[in-house]
Amino acid sequence: MPEVQTGVKVTIKIMWLLVEEMGLYSTISDRINNGARGAKDIEFEEIVPAGTTLFDLIDLICKKQPEMAKLCNVEKGRPPMALVALNGRIVSGNEYMTQLKEGDIVSFLPIMMGG
Amino acid sequence: MTVSFWGSTGRILRVDLNDGKIAVETLDEGTVRKYMGGTCLGMKYLLDEVAPEGQWSAPENRIFVGSGPLGGTGVPGSGSISFVAKGAMTNGSTSSQANGFFGAFLRHAGYDGIIIQGASDYWQYLYIDGEGKACLRDASHLIGQDTWDTEEMVKKELGYCEHEMSVFSIGPAGEHLVRFACVVGDKGHVAAHNGIGAVMGSKKLKALAVARGKGGIPIRDKDGVIAVAKKIVESARETENYKWGTSRTISRGEAAGWLPVRNYTTSVFPEHTLFNGERIRNLFEIERATCWACPSNHCHLMKVTEGPYAGYFGEEPEYEQWAAWGPQIFNKEPGAAVMLANEVDRLGMDCNEAGWVVGWVMECYEKGALTRDDLDGLELTWGNVEAALELLKSIAHRRGYGDVLAEGVKRAAEKLDGEAINWAIFTGKGNTPRGHDHRGRWVELFDTCVSNTGTVETNPGLIPDLTLYGLPKTYDIFSPIEVSTVAARTKGSYQILDSLVLCAFAVNLDMPLVAEALKAATGWSIDAEEALKVGRRAVNMMRVFNVRAGLTPDLEYPSPRYGSVAVDGAAKGRAIMPHWEEMLDNYYRLMGWDRKTGLPLPKTLRELELEYLLS
């Protein structure tokens with residue numbers, strides 16, 4: 001019997017600047033093994049149901065990790081309070097409806113502040 | 001203190017360099033409430049007194065140097081100053097701000113602003129003492145001096161110590177009418193944009209000096225202003241700028257694809273971590289330096305402690321200086337970037353345009369469009385800091401090929417045959433993009449091209465709450481419609497701060513708080529919406545002036561490289577140009593401007609009480 005694929009494994013990365021910006025640094029610092037100078041990137045894997053879109057993933061992460069809701073959960077169907085990159089490229093428009101594939105890397109980056 | 005109305009000194013100093021006459025003019029409350037000060041008030045003078053079709057270098061051009069109704073109060077960043085003139089880069093309106101102390105001291109001396117007109121036959125500088133007495137003094141001995149040395153020399157000869165006087169001056173670049181010459185004061189604070197330093201140079205005005213006086217500021221409710229100031233201070237202490245300066249932006253930009261690297265030929269710069277403020281402020285020796293009433297200290301004085309420039313002392317670069325003298329020219333040595341940033345300030349040139357010029361020359365050198373012979377023996381390879389420094393000195397003094405480059409990258413590229421024009425970063429109007437790779441930051445790419453100030457007009461990334469502008473909390477940074485909508489809707493947000501002449505970093509663009517401070521200072525019943533209307537008024541005044549000056553909609557485009565598609569990084573493959581006309585259509589509709597002429601529609605001008613500009 002061929003194995004039925006019920007989930008895909010994706011990697012989620014949160015850039016260290018965002019970790020600090022959103023106040024996540026102090027609450028989950030034990031997870032991120034920070035050094036004396038600021039936070040580290042957060043990186044973890046998730047297995048999501050086949051057919052999960054980027055918008056779905058954002059919702060999912062927000063439910064599982066309340067701190068992430070601060071940076072993601074703005075308004076259903078709107079870009080989150082962070083830049084989202086899929087495999088290194090920032091997501092825009094209908095790309096939020098992209099169905100995730102095995103091995104995809106979803107990165108959360110800070111918005112355009114400063115300068 | 002005689003107070004005719006609250007929030008203003010009610011006085012403007014007019015200096016005529018044609019005959020050396022200095023006069024005091026009065027301001028009425030209606031004018032101040034409508035135009036506030038700084039940018040908006042300066043634009044009123046520019047529209048009233050300067051023929052738009054004239055040249056920036058003509059004696060008839062004006063320089064307005066203004067503070068605003070909160071200038072010199074306890075509100076953080078209220079020592080800033082706004083310069084308004086017809087600028088050298090675009091030959092259109094200029095609005096350029098510098099932080100520091102000048103605005104506060106000017107107000108304490110009894111003036112909301114200075115109008116400078118005419119041109120002198122010989123070099124002079126303006127001196128205003130603490131009681132408001134003003135005179136022009138010979139500046140021949142200051143010629144050739146850089147901006148920091150000029151500041152020191154003026155203070156010394158007038159008998160003032162540090163922080164007893166604020167001096168803003170031009171360096172050799174302004175003296176030689178380099179189009180992107182700037183005005184520098186209070187050790188590294190710069191009114192950088194659109195060649196305001198060249199305009200000063202064309203008038204043979206080397207410096208402006210104002211002593212710290214004891215005159216009071218006419219504030220209606222001092223306790224109210226102090227209460228707001230305290231809120232702003234508390235808020236400022238939470239910001240990244242407070243802790244680390246603006247240089248962390250280097251890492252933000254690299255991650256998100258908007259760090260300018262090697263003249264936009266790549267967006268990847270792993271060495272961004274070397275330039276990060278967290279590292280730099282722990283590595284280099286820091287000397288605290290603040291602006292008027294500001295706890296933010298987002299720029300320190302700094303001594304380089306490692307590398308070939310160990311021992312160099314200057315101001316801590318701002319993000320845009322780090323960007324220009326780090327990734328843009330592919331220099332990976334932070335100490336060298338500190339050195340170049342300060343030397344460019346001392347020479348008196350806008351770091352942004354200077355960075356685009358040097359990066360373009362380096363690309364031309366790499367590709368053979370410019371040779372060592374063309375460049376007077378300099379080897380402008382990527383990251384060659386010493387060669388870059390020599391080139392910058394040549395530009396400031398208009399020596400050799402520096403004379404061509406002193407016209408800015410657009411005009412220099414237009415003179416060079418072949419492909420080189422396609423590698424230059426500029427806009428159709430000739431104004432200078434800020435120090436980003438805007439291909440990953442569309443709103444600023446678009447805004448820089450449609451701007452009327454000589455630089456970018458809005459920066460939504462710094463606005464804490466977009467809902468105040470009728471926008472959703474977030475927007476899609478690569479959506480043509482959302483980007484052009486955000487650019488239009490946030491118009492006025494910076495111009496009101498530049499009319500109150502407050503530092504955007506210090507007050508964190510918190511418009512409700514700013515309006516609260518304004519209400520306390522003036523006694524006016526004013527809210528954020530009315531304040532923002534003043535900002536939009538300024539934008540529309542600049543627009544009218546610029547269209548009359550010939551800066552029409554057909555010039556609102558990026559150069560081929562500026563509007564190109566990034567080949568790598570997080571913005572890889574995003575193409576703005578296929579959407580350009582659609583974005584302009586949407587923007588003009590939202591701004592209430594005529595798509596063909598570029599002028600504000602009559603309805604728009606009436607809503608902003610600018611009917612007099614209809615004719």
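Residue numbers begin at 1 in each chain, while the letters A, B, ... track the order of the sequences. From a predicted model like this one, the values you see are computed outputs, not experimental measurements.
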Inter-residue atom distance Leu83(A).CG - Trp258(B).CH2, 0.5 Å rounding: 9.5 Å
Enter the distance from Thr273(B):OG1 to Trp16(A):CH2 here, rounded to the nearest 0.5 Å. 9.0 Å
Is it the side chain or the backbone of Leu109(A) that comes within 4.5 Å of chain B heavy atoms, both, or neither? side chain
Least distance between heavy atoms, [X] atom then [Y] atom:
X: Arg252(B); Y: Pro110(A); value: NH1-CB, 3.0 Å
X: Arg78(A); Y: Tyr475(B); value: NH2-CA, 3.4 Å
X: Met15(A); Y: Ala255(B); value: SD-CB, 3.3 Å
X: Ser92(A); Y: Ser479(B); value: OG-N, 4.2 Å
X: Thr474(B); Y: Pro80(A); value: CG2-O, 3.6 Å

With sequence neighbours left out, what residues match Glu316(B) under salt bridge (charged side-chain N to carboxylate O under 4.0 Å, His left out)? Arg281(B)
Just checking Met97(A): does its CE atom have more than 12 heavy atoms from other residues, nucleotides or ligands closer to it than 6.0 angstrom? no
Please check if the side chain of Arg89(A) supplies one atom and the backbone of Gly569(B) the other of a donor-acceptor pair under 3.5 Å. no
Identify which part of Asn508(B) has an atom lying under 4.5 Å from any heavy atom of chain A, answering side chain, backbone, both or neither. neither
